[in-house]
K.L.:
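Encoded as structure tokens, here's the structure I'll be asking about.
Because the structure is a prediction, the values reported are computed rather than measured. Throughout, a chain's letter reflects where its sequence line sits, starting with A, and its residues are numbered from 1.
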Number of protein chains: 2
Amino acid sequence: MAQHATVLDSVFHALSDPTRRAVLSRLGAGPASISDLAAPFDMALPSFMKHIRHLEQTGWISTRKAGRVRTCTLETGQFDLVEGWLDEQRRVWEGRTDRLEQFVTGRTSNPHKNTAHINRKADS
Amino acid sequence: MAQHATVLDSVFHALSDPTRRAVLSRLGAGPASISDLAAPFDMALPSFMKHIRHLEQTGWISTRKAGRVRTCTLETGQFDLVEGWLDEQRRVWEGRTDRLEQFVTGRTSNPHKNTAHINRKADS
DNA sequence: CGCATGCTGAGCCATGAGGCTAAGTTACGC
DNA sequence: GCGTAACTTAGCCTCATGGCTCAGCATGCG
């Protein structure tokens, strides 16, 4: 977990901006060009481009230039990364609930995390 | 979702820092005091406190002071918020996949420009 | 060819995040 | 009641973020 910490930093930070989240939502419906994506936003193109570049660098989208048009495509893999982290946290928390039960019936040792085995994959 | 836009901003931003994520992980194992939480980090207490306050203001934790010790507790509700956004994105994306299948079988003629029904709104 | 279109690069600016030290304040413990 | 432990407040510093403008460059169209 400590290793992908920096990856998670950028992945989560990318999501902390409404413009970028909106772009991801829109790209969920299919690829689109830069100016197409930028149209709904009241923002200068260079500013918008920074968001696009940010999303690309953090792996949320991929882009390809054809002629003078750059087309952006959603990369769905990052969703799994986020969900993986969520699952991991839930696992710890649910483990705590178990230990709490144990505590009620009898004293346990100092709770040190035991997240050694991580199983991500539990979607609806 | 439009209302949550700013909430999601702060919720995701809170996760974009490794210190804060580590605190959440640790709190998953049960409540802890400030100095207890701060111990693993090579950071001055006031700096660490900013993270704590950040987490509290964004709803990730709640704190309570008893005597001179402040105890922090994980608030698990925000996990659902994040997961809700993820599900929403997946739904859009999977809807696209459906349309793509329909397109292959010649049912529709919707190119990838069709995003009208998507909840775009971002915020402004 | 010449001009519009669609990005791209360079550089500036304001704000906020995240770190620090130093100096309180408020309980405990002796 | 004095000292120490555990925050807390105040103030400062630096760098990253997110916005802007003003060009520039490549491509497509008439």
K.L.:
Write down the distance between CD1 (Ile34(A)) and P (dC25(D)), rounded to a whole number of angstrom.
P.N.:
20 Å
K.L.:
Check whether Arg20(B) reaches the backbone of His13(B) with its side chain - one donor and one acceptor, N or O, closer than 3.5 Å.
P.N.:
yes
K.L.:
Classify the angle between the aromatic ring planes of Phe12(B) and Trp85(B) as parallel (below 30°), tilted (30 to 60°) or perpendicular (above 60°).
P.N.:
perpendicular
K.L.:
Would you say Arg91(B) and Asp87(B) make side-chain contact, with heavy atoms under 4.5 Å?
P.N.:
yes
K.L.:
Kindly compute the distance separating OG1 (Thr76(A)) from CG (Leu24(A)), expressed to the nearest 0.5 Å.
P.N.:
11.5 Å
K.L.:
dG6(C) C1' sits how many Å from Arg64(A) CZ, rounded?
P.N.:
18 Å
K.L.:
Quick one, which residues of residues 42-58 of chain A touch DNA chain C with a heavy atom under 4.0 Å?
P.N.:
Leu45(A), Pro46(A), Met49(A)
K.L.:
In whole angstrom, what separates Arg70(A)'s CZ from dT27(D)'s P?
P.N.:
12 Å
K.L.:
Establish, with yes or no, whether the OP1 or OP2 oxygen of dA26(D) is under 4.0 angstrom from a side-chain nitrogen or oxygen of Lys65(A).
P.N.:
no
K.L.:
Treating Arg70(A) as the side-chain partner and Ile34(A) as the backbone partner, does any N or O pair qualify as donor plus acceptor under 3.5 Å?
P.N.:
no
K.L.:
Can a salt bridge be assigned to the pair Arg90(A) and Asp80(B) using a cut-off of 4.0 Å between side-chain N and carboxylate O?
P.N.:
yes
K.L.:
Should Trp60(B) and Val23(B) count as side-chain neighbours, where that means a heavy-atom distance under 4.5 Å?
P.N.:
no
K.L.:
From CZ of Arg20(A) over to C1' of dG18(D), roughly how many Å is that when rounded to an integer?
P.N.:
9 Å
K.L.:
To the nearest Å, give me how far apart CG (Asp17(A)) and C1' (dT15(C)) are.
P.N.:
14 Å
K.L.:
Round to a whole Å and report the spacing from CG of Asp9(A) to C1' of dA16(D).
P.N.:
13 Å
K.L.:
Check nucleotides 27-30 of chain C against the protein and report each pair of N or O atoms closer than 3.5 Å, with its distance, or say if there are none.
P.N.:
from, atom 1, to, atom 2, distance (Å)
dA27(C), N3, Arg68(B), NH1, 3.4
dC28(C), O4', Arg68(B), NH2, 3.4

K.L.:
How far apart are the closest heavy atoms of Ala32(A) and Leu27(A), and which atoms are they?
P.N.:
N-CD2, 3.8 Å
K.L.:
Counting only side-chain nitrogens and oxygens, does Ser33(A) get under 4.0 Å of the OP1 or OP2 atom of dG6(C)?
P.N.:
no
K.L.:
Mind checking the CZ-CZ spacing from Phe48(B) to Arg53(B)? Nearest 0.5 Å is all I need.
P.N.:
11.5 Å
